Every structure is written in C-alpha cells, then in structure tokens.
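The structure appears below as structure tokens.
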2 protein chains.
Amino acid sequence: MSVTIKDVAKRAGVSISTVSRVINNSKPVSNEIRQRVMSVIKETGYVPNPVARSLVTKKSQLIGVIVPDISNFFIGELLNGIEEVGKIYEYDILLCNSYGEIEEELKYINLLKSKQVAGIIFVTWKMSQEHVDAIKEGNLPSVYISKNAHNFDVYSVSIDNKTAAYEMTKYLIEKGHRQIGFIRSSIEDDIIDSERFKGYKDALEDNNIQIDNEIIKEGDTTSESGYYLMNEILNIKKPDAIFATSDEVAIGAINCILDKGYKVPDDISVVGFDDIKLASLYRPSLTTVKQPIYDMGAVSIRMIVKMIDGEEIEDKHTYLPYELVERQSVKKR
Amino acid sequence: MSVTIKDVAKRAGVSISTVSRVINNSKPVSNEIRQRVMSVIKETGYVPNPVARSLVTKKSQLIGVIVPDISNFFIGELLNGIEEVGKIYEYDILLCNSYGEIEEELKYINLLKSKQVAGIIFVTWKMSQEHVDAIKEGNLPSVYISKNAHNFDVYSVSIDNKTAAYEMTKYLIEKGHRQIGFIRSSIEDDIIDSERFKGYKDALEDNNIQIDNEIIKEGDTTSESGYYLMNEILNIKKPDAIFATSDEVAIGAINCILDKGYKVPDDISVVGFDDIKLASLYRPSLTTVKQPIYDMGAVSIRMIVKMIDGEEIEDKHTYLPYELVERQSVKKR
DNA sequence: ATGAAAGCGCTAACAC
DNA sequence: GTGTTAGCGCTTTCAT
C-alpha cells in the first residue's frame with residue numbers, strides 16, 4: 001500500500017495535522033519541524049491522496065470540459081490550449097463529448113458536479129438558457145466558449161464574430177465579387193442570432209448589394225455538409241465567391257466546386273472561418289478568419305482558475321483578436 | 001447541500017448500509033425495503049458521491065488516457081472511439097497530453113494512479129521498457145496503442161504494420177514505380193525497429209529493387225516535416241513515388257512537390273498511412289492504408305473495462321484489420 | 001435480511 | 001506552534 005499522511009506523521013514524530021499544515025502551507029509550522037516533515041516526505045515519496053482531499057474540501061484539481069465533438073479540428077486545437085495552461089496550474093482535464101446534444105450536456109453537468117470538479121469549460125455550438133440555468137444551479141465556476149455566449153449572463157471567451165464576418169465580406173467585395181454565397185451551419189445558432197450572418201448581411205447592404213437567398217444555405221459543421229450545400233447552389237447558379245462559416249465546411253465546398261469542373265479561385269473564390277491547421281495545409285490554401293483557437297482555450301481555463309481562486313475578473317465576455325489571413329483561395333475578379 | 005446516503009436512509013427509515021446495498025446490489029435486500037429505498041432515491045434525486053466511493057474502494061469511474069499530442073488528427077479520432085465506448089460502461093476520460101516526452105508520461109502515470117483511475121490507456125509514438133515498468137509498478141489495468149507495443153509484455157492494440165507497409169509498397173511497385181522514397185518519423189520508433197520500414201524494405205527486396213538511402217528520410221509526425229524532407233529529396237533526385245508513414249506527413253510532402261512545380265500523381269505518386277479524415281478531404285485525395293482508428297480506441301477501452309471487471313482477455317496483442325484505400329494520389333507509370 | 005460501527009486519507013475546527 | 005478530534009460520504013465487516 002502506498003504511504004499515507006499517518007505514516008509520515010509517525011515517522012516524523014509529529015501529528016497528522018502538522019503534516020497537513022506543511023503540505024498545505026495552511027498554518028505556521030516551526031522551521032525545524034517543517035524540515036523534518038519535508039525530509040520524511042521525500043524519503044517515503046509520500047503523495048497526498050487527492051480523493052481523500054476532495055472528499056473533505058469538496059474540490060478537486062479537475063476541470064470538466066464539455067465539447068460537442070472531439071474529432072472536430074477546431075475542438076482539438078482548443079483542447080490543446082486548455083490542457084497546456086491547465087497543467088501549469090495543476091489542473092487536469094475531465095473530457096466529455098456531448099455530440100452537441102442538450103440532454104447529454106445537461107447530464108454531464110450533473111456528472112461533473114458529482115465528481116467534484118473545480119470548474120467547467122463549456123464548448124457548445126449553440127448555447128441556450130437551459131445550459132446557463134443548469135450550470136448556474138451547479139454553482140460552479142464556468143466559462144463558455146460559444147459564438148452566442150455574449151447574449152447570456154455568463155463568462156465567455158470568443159472573438160467579435162460580427163465584425164470579423166463583416167470584414168471578410170468587405171474583403172471579398174473589394175476583390176470585385178458581387179454574388180457572394182454564404183454557407184453556414186444551423187447547428188451553431190439560428191440565422192437571426194448569427195453574428196457572422198449579421199456581419200455578412202451588413203457588409204452587403206453597406207455596399208448596396210442585394211441579398212440573394214438562393215445562395216445562402218444552411219447545414220451542419222462537416223465538410224460533407226459544405227459539399228452538399230455547394231452542390232445545391234451550383235445546381236442553380238454560379239456565384240463569384242463563397243463565404244463558409246467554418247474552414248471544414250469551406251473545404252467541402254471547394255471539393256464540390258472542383259468536382260463540378262470549376263477552378264478555385266479562378267472561377268469561384270472561397271473563404272472560410274477559424275484557420276484550423278487544415279486551412280493552410282489544403283491546396284489551394286484557404287483564405288480565412290484566423291481565430292486564436294489555442295488562446296481561446298488558454299484564456300478560458302485561466303479564467304476558471306482565477307474564479308476558483310476567488311480573483312476578480314474584469315469583463316464577463318472576453319473578446320480575443322482575430323485576423324484576416326489571405327491565402328490562395330481568393331482571386332481578384 | 002446535496003442529498004447523501006444518510007438522508008436517504010433516514011427518510012426511508014432504514015440504515016445506511018441497507019441503502020448502500022440497494023444502490024450497489026451487493027447483498028440481498030427484501031423486496032419491500034428495496035422498493036421503499038428506491039422511491040426515496042427517486043424523490044430526492046440522490047446520487048452517490050463518487051469521491052467518497054473512491055476513497056473506500058480505491059477505484060473510480062475514471063480512465064486515464066495519456067496521449068502524445070491532442071491536436072494530432074490521428075489522436076482526435078482515437079479519443080472519439082475511447083470516449084464513446086467509455087461512456088457505455090460509464091467511464092469518464094481523464095485526458096493527459098504528454099507531448100511525447102517520457103518524463104511527462106512517467107509523471108502522468110503516477111498522477112493518474114493517485115487519482116485512483118481504474119485503468120490507463122497509453123498512446124505513444126515510441127514506447128520503451130521504462131513505460132512498461134512504470135505502469136507495471138502502478139499495478140493498474142493498462143492497454144497500449146503503439147506501433148511497437150508487440151515487442152513488450154503488455155496488452156496492446158494495433159494493426160499489422162509490417163504487412164500493411166509491405167502491401168502498400170507492393171502496390172506501388174505493381175503500379176510501375178521503381179524509385180520509391182520512404183519518409184518516416186524517427187520520433188515514432190527507431191528505423192531498425194520500424195515494422196513499416198521492414199515491410200517497405202522486404203517488398204523492395206522481394207521485387208529485386210535496390211534500396212536507395214538517398215530517398216529514405218526521417219523527421220517527425222508533422223506536415224512541416226514531410227514538406228522539409230520532401231524538399232531534401234527533390235534537391236537530389238526525382239523519385240517515382242513516395243511512401244510516407246503518416247497521412248499528415250504525406251500531405252506535407254505533396255505540398256512540397258506541388259510548390260516545386262511537379263504534379264501529383266502525374267509526376268510523382270504519393271501514399272500515406274492512417275486514413276485520417278484529412279486524407280479524403282485533401283485534393284488529390286490520398287491513397288493510404290486505412291487504420292481503423294476509431295475502433296482502435298474503442299477496442300482498447302473495452303479491453304480495459306474487461307480487465308477491471310476481472311474478465312479473461314484472450315490475446316495480449318490485438319491486431320485489427322487494415323485496408324488499402326485507393327484514391328487519387330497514385331498513377332500507373 | 002438488516003443494523004452498528006469501523007475506517008478509507010485527509011482537512012479544519014478546537015483546545016492547549 | 002502543535003496535537004486531538006470530528007467529520008467528509010461512502011463500503012464493508014461483524015453481529016444479530
């Protein structure tokens with residue numbers, strides 16, 4: 001059996017509370033005894049049992065992360081940031097895949113709470129008041145990574161999606177494009193709530209371009225969806241450019257365009273959103289809005305840790321900088 | 001505060017041991033009392049505290065997963081399989097990113113043990129006796145997903161890498177290629193241990209093709225590495241085909257070939273290994289060896305659960321079927 | 001079949 | 001500054 005606080009106390013000739021005090025630095029301990037205890041800890045290789053600790057403190061060094069799709073590229077990079085910064089603060093990641101289903105998400109919130117996690121990072125395509133209520137009730141520090149989190153009274157991290165989409169659309173217009181299709185995921189939010197759609201729409205309006213509903217399509221977050229929706233568009237007309245609200249979807253759309261015998265960007269320009277690793281790997285490399293994905297993960301866990309430690313957090317909603325990255329998938333018309 | 005076993009016992013007018021018995025089905029309880037307890041549990045919404053449980057049983061419903069790189073495509077798909085099957089058996093995933101560094105890996109093994117995880121799934125590019133010893137000492141159920149795990153006395157899941165590489169090489173030869181470059185990651189294993197290299201070498205020898213060390217290159221698992229190594233090759237000579245030992249590396253190589261003004265597959269054929277999502281998304285889509293990645297994750301966690309439950313496991317090393325998928329990146333010469 | 005009680009390893013009053 | 005002790009919520013002997 002592994003060594004316990006009792007063993008250490010006995011060997012050091014002190015009480016277990018003293019040992020507890022030195023490992024937690026919770027109360028003053030005379031220097032001599034501290035040394036003695038320390039050396040016994042070293043000798044024996046004692047490691048406090050986190051489970052026993054959690055039982056009494058009702059806290060653990062675990063942070064629950066609920067994501068809608070582990071195999072999604074965006075999520076993978078996000079997890080990277082969360083894990084890496086979490087490690088710095090000695091928090092581990094309890095990973096939950098909700099498949100974007102609200103019942104699963106709600107179930108996990110309870111599960112995580114019972115596991116005594118110290119906080120929850122909630123990544124969701126489309127968030128609702130239900131989520132907020134469930135987590136509020138849990139009374140745990142929580143941060144949301146979600147495009148529409150700013151509509152709720154929660155802590156969140158994101159970018160300014162509306163302005164980013166506006167700029168991207170404007171960029172396309174400046175490149176001479178007029179018929180700009182918009183392919184989005186309805187899983188992520190309703191189109192009326194969609195910041196990215198608002199940005200797109202505003203940019204068109206500000207440039208006196210009529211919105212054409214025939215080239216605005218909704219699907220899900222997969223490349224297959226991008227392919228399918230692009231096909232629907234091409235069956236009706238050939239737009240100048242396509243703005244897809246995620247890189248994965250954009251690449252599905254490009255594949256469709258290519259398969260139909262058109263060239264990208266020569267015949268149709270395509271832009272994405274996110275700047276996942278794939279965007280620069282794919283050929284033609286994808287012009288896109290670079291979200292600081294890793295940083296979004298990093299910042300969100302940093303916020304959680306602050307909340308756990310009772311530190312003040314300035315703003316509920318943190319907006320990180322984005323960037324328009326020009327690559328090969330857009331051509332001046 | 002949330003409801004405890006004590007509350008349930010009181011409300012049901014029984015002792016806490018009885019409640020424990022009904023929730024764990026550990027000992028016979030009269031039908032009448034069982035009903036009574038059950039209904040109180042339902043009313044109160046009681047959920048056993050897993051932390052308290054772990055403290056006494058020294059087990060948790062947590063399975064530690066140590067991976068070398070969360071943002072790697074292959075790992076993402078693997079995690080998917082692990083999570084999904086884990087959920088069926090009510091195990092959650094404690095995710096650890098080791099960056100492939102052995103000290104990190106060793107540290108995590110101890111951490112996980114102290115967290116009372118029920119088992120560990122160890123994904124590693126290159127495994128060593130050190131890992132095995134560390135985990136053996138931990139005395140926990142464990143399964144390895146690693147290309148060279150079969151060299152060790154551990155439970156593992158993989159595919160028959162040597163035969164797969166042999167077949168892929170043979171396929172390339174049958175397509176008329178003679179100068180077949182080989183790009184691999186030395187991070188994954190030493191070349192002398194590499195099953196994939198053995199398969200490649202054997203196939204060349206069996207077909208009386210001289211091995212050309214100038215077109216055999218070693219780097220890491222990234223696309224950047226593939227790009228760089230391909231560039232080194234092209235600076236010396238132009239091979240007929242390239243066999244990269246991972247899709248990500250293969251795509252880096254293709255990008256280099258494209259940037260140098262050659263065409264794939266017209267000038268140079270390229271094949272990969274893994275069949276990550278990217279392989280079919282990329283254009284030209286990649287001919288590759290399809291590893292059943294999701295299943296590898298699924299099978300490994302299934303093994304762990306069996307071990308936890310004390311069930312017998314037939315074979316230490318499970319080999320899953322692979323498949324050669326022909327796509328667009330190879331052309332008959 | 002059921003209950004009483006010990007104890008898992010730890011923290012945190014509370015006493016001295 | 002240090003020790004004693006009561007729990008945290010649960011499982012598991014040991015009686016009955």
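Naming convention: chains lettered A, B, ... in sequence-line order (proteins, then strands); numbering from 1 in each chain. Fair warning: this is a prediction, and the values are worked out from it, not measured in the lab.
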In whole angstrom, give the distance that lies between atom NZ of A/Lys59 and atom P of C/dA12. 11 Å

Nearest-Å distance, CZ (A/Arg36) to P (D/dG3)? 9 Å

Report the relative orientation of the aromatic rings in B/Trp125 and B/Phe74; use parallel for angles under 30°, tilted for 30 to 60°, perpendicular for over 60°. tilted

Would you indicate, yes or no, if D/dT2 has its OP1 or OP2 atom less than 4.0 angstrom from a side-chain nitrogen or oxygen of A/Ser30? yes

Just do the side chain to side chain contact (heavy atoms under 4.5 Å, CB included) check on B/Val154 and B/Phe122 with the steps written out, would you? CA-CA 11 Å; B/Val154 295; B/Phe122 209 131; over 6 Å; no

Which heavy atom of A/Val14 sits nearest to which heavy atom of A/Arg36, and what is that distance? CG1-NH1, 4.3 Å

Nearest heavy atoms of B/Pro292 and B/Ile159, plus distance in Å: CD-CG2, 3.7 Å

Please classify the nucleic acid contact of B/Val51 as base, sugar-phosphate, or nothing, using heavy-atom distances under 4.0 Å. nothing

Sugar-phosphate or base contact per nucleotide [nucleotides 10-16 of chain D; S, B, -; heavy atom under 4.0 Å]: BBBB---

Please determine, for the side chain of B/Ser15, which listed nucleotide (C/dG9, C/dA4, D/dG3) has the closest atom? C/dA4

To the closest 0.5 Å, what do you measure between OG (B/Ser54) and CG (A/Asn49)? 9.0 Å

Side chain to side chain contact (heavy atoms under 4.5 Å, CB included) partner of A/Val8, the single match among A/Ile23, A/Val19, A/Ile16: A/Val19

